[in-house]
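One structure below.
Quick note: numbers below take in every heavy atom, side chains included, and nothing from hydrogens, waters or symmetry partners. The chains referred to below are lettered A, B, ... by the order of the sequence lines, with proteins before strands, and numbering in each begins at 1.
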There are 2 protein chains.
Amino acid sequence: MTETAPPADASLPAIGVRTTRQRQAILTALTGRTHPMTAQAVHTALTGAGHRIGLSTVYRALHRLAEVGLLHSFEVGGERAYRRCPDTTHQHLLCDKCGLITECPPHLVDAWLTELRATTGFTPHADRIDLHGHCADCTAAAR
Amino acid sequence: MTETAPPADASLPAIGVRTTRQRQAILTALTGRTHPMTAQAVHTALTGAGHRIGLSTVYRALHRLAEVGLLHSFEVGGERAYRRCPDTTHQHLLCDKCGLITECPPHLVDAWLTELRATTGFTPHADRIDLHGHCADCTAAAR
DNA sequence: CTCCGTGCAAAGCATTTGCATCCAT
DNA sequence: ATGGATGCAAATGCTTTGCACGGAG
């Protein structure tokens, strides 16, 4: 398994993306978050924190950063939200209650996907799976 | 598990939905389709076929019909698309190439979901799973 | 020095909503 | 008759785009 642990903030140029104050701010804002953020949310957070950045810049930056793989994007209630990827796993478990996103154990999925493909002929995109449900905490809280 | 096998076109009132010319037209337009349609597409199709129906009516009707379980809705490229449900299975395989939607063999998923839940504590919504990939035909065509 | 990236404001678009009218029950 | 359904048009809200300026490499 190739580790692509996301560089703290740096090495953007290595991926063909210029390092700018705005992009660094966005990456920083997204770092450590388990919940995804929409462009608007990121913009609000940044400007609220004193940063000077345009909304369209946020949209463009998020799009670009997702494109080069530094961010993952999700469809949340008709809006697009982004989160830093903690690892190379692109198989996510989305909690519809609290918004938490966790990684799905790859081995657990891969075997199943193989079976699914063999059985149905359908070739699933193993590198982009979003499964909705309730996270462990919310499940426990509901009891 | 409650059976909600979709009545051909009829018995709308039984579900608490009034039978109107427009809703029947929408259901008819959607019948037999393997690919989902957006509200705009449905509206275009209907008006093109000579029906008199407002766009907002289409939006409202689709929303309502999906609500009562006669339709399934999907997120396709940032737009909402609808399709009649051929059965009670709400586990779909979406082809990102041709747009085809097929049902996923329930038994195949259920076992896996159980395992997933046991392993991670995450409770997946077993009745609403959309898996992206390439359908059998598109997979074959790509070789 | 060259372009990529940014900001601002205008434009795009799918979807929603207000309100008067209409029709299914 | 009565409340849900419809149509039209205006409004909403997220996202994109045009264009000139600024900063990274």
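Between B/E79 atom CD and C/dT16 atom C1' the separation is 15 Å, expressed in whole Å. The distance between atom CD1 of B/I15 and atom P of C/dT25, rounded to the nearest whole Å, is 13 Å. Between B/Q24 atom CD and C/dC23 atom C1' there is a gap of 13 Å when expressed in whole angstrom units. Between A/F74 atom CZ and D/dC14 atom P the separation is 20 Å, expressed in whole Å. Here D/dC14 presents its C1' atom at 6 Å from CD of A/Q40, a figure rounded to the nearest Å. When the P atom of D/dC14 is taken as reference, atom CD of A/E75 falls 13 Å away, rounded to whole Å.
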Result block: side-chain N/O donor-acceptor pairs under 3.5 angstrom for residues 44-56 of chain B, not counting sequence neighbours:
residue: B/T44; atom: OG1; partner: B/Q40; partner atom: O; Å: 2.9
residue: B/T47; atom: OG1; partner: B/H43; partner atom: O; Å: 2.8
residue: B/T47; atom: OG1; partner: B/T44; partner atom: O; Å: 3.2

(request) Kindly indicate, with the supporting measurements, whether the criterion side-chain contact (heavy atoms from CB on, under 4.5 Å) is fulfilled by A/H63 and A/R60. (result) CA-CA 5 Å; A/H63 188 273; A/R60 283 188 276 231; 5.7 Å; no
(request) Start with the C-alpha gap between B/D96 and A/H125, add the side-chain angles, then the distance that decides, and say whether side chain to side chain donor-acceptor pair (under 3.5 Å) holds. (result) CA-CA 9 Å; B/D96 289 337; A/H125 288 162; 3.1 Å; yes
(request) Check step by step if side-chain contact (heavy atoms from CB on, under 4.5 Å) holds for B/L116 and A/L93. (result) CA-CA 10 Å; B/L116 177 67; A/L93 304 178; 4.1 Å; yes
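Bending across the helix from C/dC1-D/dG25 to C/dT25-D/dA1, expressed as the angle between its end axes from five pairs apiece, amounts to 40° (10° rounding).
Residue-environment remark: CZ (A/R64) exceeds the threshold of 12 foreign heavy atoms within 6.0 Å.
The same ILVMFWY cluster, assembled from side-chain heavy atoms under 4.5 Å apart, contains both B/V42 and B/V17.
Under 4.0 angstrom from either OP1 or OP2 of C/dT15 there lies at least one side-chain N or O belonging to B/Y59.
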Would you tabulate the pairs of protein nitrogen or oxygen atoms and nucleotide nitrogen or oxygen atoms of nucleotides 4-7 of chain C closer than 3.5 angstrom?
residue: C/dC4; atom: O4'; partner: A/R18; partner atom: NH1; Å: 3.2
residue: C/dC4; atom: O4'; partner: A/R18; partner atom: NH2; Å: 3.2
residue: C/dC4; atom: O2; partner: A/R18; partner atom: NH1; Å: 3.3
residue: C/dG5; atom: OP1; partner: A/R23; partner atom: NH1; Å: 2.9
residue: C/dG5; atom: OP1; partner: A/R23; partner atom: NH2; Å: 3.2
residue: C/dT6; atom: OP1; partner: A/T20; partner atom: OG1; Å: 2.8
residue: C/dT6; atom: O3'; partner: A/Q22; partner atom: NE2; Å: 2.9
residue: C/dG7; atom: OP1; partner: A/Q22; partner atom: NE2; Å: 2.9
residue: C/dG7; atom: OP1; partner: A/R52; partner atom: O; Å: 3.0
residue: C/dG7; atom: OP2; partner: A/G54; partner atom: N; Å: 2.8
residue: C/dG7; atom: OP2; partner: A/T57; partner atom: OG1; Å: 2.5
residue: C/dG7; atom: N7; partner: A/R60; partner atom: NH2; Å: 3.1
residue: C/dG7; atom: O6; partner: A/R60; partner atom: NH2; Å: 3.1

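Between B/R83 and B/E103 there is a salt bridge, since a side-chain N of the basic residue sits under 4.0 Å from a carboxylate O of the acidic one.
Classified by interplanar angle (parallel below 30°, tilted 30° to 60°, perpendicular above 60°), the ring pair A/H92/A/H72 is perpendicular.
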